[in-house]
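A note on names: the letters A, B, ... follow the listed sequences, proteins ahead of strands, and every chain is numbered from 1.
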There are 2 protein chains.
Amino acid sequence: MATMTAEQRRSAAKAAHEEYMATCPTHQLLDIMSAKWASLILIELAGGTRRFADIGRALPSASAKMLTQTLRSLERDGFLTRSVTPAVPVQVEYTLTPMGASLIPLLAAAKDWADANIGAIHSARARYDADNA
Amino acid sequence: MATMTAEQRRSAAKAAHEEYMATCPTHQLLDIMSAKWASLILIELAGGTRRFADIGRALPSASAKMLTQTLRSLERDGFLTRSVTPAVPVQVEYTLTPMGASLIPLLAAAKDWADANIGAIHSARARYDADNA
DNA sequence: CCGCATCCTTGATGATACTG
DNA sequence: CAGTATCATCAAGGATGCGG
């Protein structure tokens with residue numbers, strides 16, 4: 001069989017697309033930012049260096065485990081730095097890197113759009129739900 | 001006991017923060033956009049009206065189920081409209097609403113940032129993994 | 001062609017308890 | 001203070017089959 005079946009073509013297209021998805025910069029960024037606490041942490045750090053407990057107080061609904069996990073992930077990707085001060089008790093401080101800081105305007109733009117359109121979204125949602133009651 | 005215990009204060013703060021999270025426009029937008037296929041669909045529709053099967057071909061790695069689910073969700077929130085042409089077989093077309101279209105520049109900004117910084121992210125990741133080997 | 005229903009797997013999140 | 005470890009939960013996503 002020198003030619004591919006329709007099935008094979010679909011399969012190849014799917015594999016190629018998955019490959020693309022895995023490397024697409026935009027999609028990778030979306031993945032990073034869509035972590036439940038990532039954007040909140042970046043916004044908190046936009047106000048300056050913070051200690052672990054400070055972040056915990058700013059985000060009371062996040063468990064310590066999730067804070068650690070998200071902070072580690074953001075550190076790994078170069079959005080922030082973690083510095084430990086050997087004292088008793090230890091002090092750990094988190095600070096945005098220049099790259100992390102450069103993302104703040106994007107978050108601000110998202111906030112502006114959200115503030116401007118959230119009303120319309122809620123209206124659309126209510127209308128949709130009413131029409132499909 | 002006229003005053004709250006430390007435990008009660010923490011609990012209250014947590015409840016208040018969860019309330020805030022549920023109403024924060026920015027966070028709601030992040031929720032919508034972080035649906036695995038939402039941004040890809042919006043980008044595809046930015047090129048004009050598309051039929052269901054067209055979108056499926058553009059995103060081969062998405063199952064039909066997820067396409068339907070994501071499209072419904074975006075329709076409900078007013079990002080796009082769905083119109084059915086009663087024929088045999090039926091034709092279903094999806095088009096961005098003005099609000100949906102207004103989100104495209106934001107996605108473009110995210111893409112620009114991602115393209116500019118994805119290299120740095122990968123470097124940071126490699127360095128982090130090497131340091132913690 | 002389009003989409004719903006069902007079953008199932010898996011990763012993300014949370015609660016709790018313990019350590020340097 | 002700043003985690004780590006473990007267990008439990010739950011919703012998102014994927015596979016498959018049927019129906020208008």
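- An angle of 50°, rounded to 10°, separates the two end axes of the helix from dC1(C)-dG20(D) to dG20(C)-dC1(D), each defined over five pairs.
- Under the 4.5 Å side-chain heavy-atom criterion for Ile, Leu, Val, Met, Phe, Trp and Tyr, Trp37(A) and Leu45(A) are members of the same hydrophobic cluster.
- Using a 4.5 Å cut-off on side-chain heavy atoms (C-beta onward), Arg76(B) and Asn132(A) make no contact.
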Practice task
Evaluate the criterion salt bridge (Lys or Arg N to Asp or Glu O under 4.0 Å) for residue pair Asp129(A) and Arg125(A); output intermediate values, then yes/no.
Solution key: CA-CA 6 Å; Asp129(A) 291 346; Arg125(A) 216 174 262 183; over 6 Å; no
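- By the criterion of side-chain heavy atoms lying less than 4.5 angstrom apart, applied directly or through intervening Ile, Leu, Val, Met, Phe, Trp or Tyr residues, Leu30(A) is not grouped with Ile32(B); the two fall into different hydrophobic clusters.
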Within the sub-3.5 Å range, which N or O atoms of nucleotides 4-12 of chain D have a protein N or O partner, and how far apart are they?
{"residue": "dT4(D)", "atom": "OP1", "partner": "Arg72(A)", "partner atom": "NH2", "Å": "3.2"}

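- Look at Tyr94(A) and you'll find a side-chain N or O under 4.0 angstrom from OP1 or OP2 of dG3(D).
- Note on residues 23-35 of chain A: pairs passing side-chain hydrogen bond (donor to acceptor under 3.5 Å, both in side chains), not counting sequence neighbours, are Gln28(A)-His122(B).
- With sequence neighbours excluded, no residue forms a salt bridge (Lys or Arg N to Asp or Glu O under 4.0 Å) with Asp131(B).
- Residues that satisfy the salt bridge (Lys or Arg N to Asp or Glu O under 4.0 Å) test with Asp112(B), not counting sequence neighbours, are absent from this structure.
- Side chains of Leu29(A) and Asn117(B) form no contact here, defined as non-hydrogen atoms less than 4.5 Å apart.
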Exercise for the section: Tell me, with the steps shown, if Ser123(A) and Tyr128(A) meet side chain to side chain contact (heavy atoms under 4.5 Å, CB included). Expected result: CA-CA 8 Å; Ser123(A) 305; Tyr128(A) 183 94; over 6 Å; no
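- Counting only heavy atoms from C-beta outward, the side chains of Lys111(A) and Pro25(B) never approach each other to under 4.5 Å.
- Using a 4.5 Å heavy-atom threshold, the side chains of Met33(B) and Leu42(B) count as touching.
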If you look only at distance, which donor and acceptor atoms sit under 3.5 Å apart when one is on a side chain in residues 67-74 of chain A and the other is two or more places apart or in another chain?
{"residue": "Thr68(A)", "atom": "OG1", "partner": "Ala64(A)", "partner atom": "O", "Å": "3.1"}
{"residue": "Thr70(A)", "atom": "OG1", "partner": "Met66(A)", "partner atom": "O", "Å": "2.8"}

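- Near-neighbour residues of DNA chain D inside residues 21-30 of chain B, defined by a heavy atom below 4.0 Å, are absent.
- When the salt bridge (Lys or Arg N to Asp or Glu O under 4.0 Å) test is applied to Lys36(A), no partner is found at least two apart in sequence or on another chain.
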With a 3.5 Å cut-off and sequence neighbours excluded, list the donor-acceptor pairs that the side chains of residues 92-107 of chain B form with protein atoms.
{"residue": "Tyr94(B)", "atom": "OH", "partner": "Arg82(B)", "partner atom": "NE", "Å": "3.4"}
{"residue": "Thr95(B)", "atom": "OG1", "partner": "Thr49(B)", "partner atom": "OG1", "Å": "2.9"}
{"residue": "Thr97(B)", "atom": "OG1", "partner": "Gly78(B)", "partner atom": "O", "Å": "2.7"}
{"residue": "Thr97(B)", "atom": "OG1", "partner": "Phe79(B)", "partner atom": "O", "Å": "3.1"}
{"residue": "Thr97(B)", "atom": "OG1", "partner": "Met99(B)", "partner atom": "N", "Å": "3.4"}
{"residue": "Thr97(B)", "atom": "OG1", "partner": "Gly100(B)", "partner atom": "N", "Å": "3.0"}
{"residue": "Ser102(B)", "atom": "OG", "partner": "Trp113(A)", "partner atom": "NE1", "Å": "3.0"}
{"residue": "Ser102(B)", "atom": "OG", "partner": "Met99(B)", "partner atom": "O", "Å": "2.7"}

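- Looking at residues two or more places apart in sequence or on another chain, you find no salt bridge (Lys or Arg N to Asp or Glu O under 4.0 Å) involving Arg51(B).
- Interface limits on DNA chain C: the 5'-most and 3'-most nucleotides within less than 4.0 Å of chain A heavy atoms are dT13(C) to dG20(C).
- Contact check of residues 73-91 of chain B against DNA chain C (heavy atom, cut-off under 4.0 Å) returns Arg82(B), Pro89(B), Val90(B).
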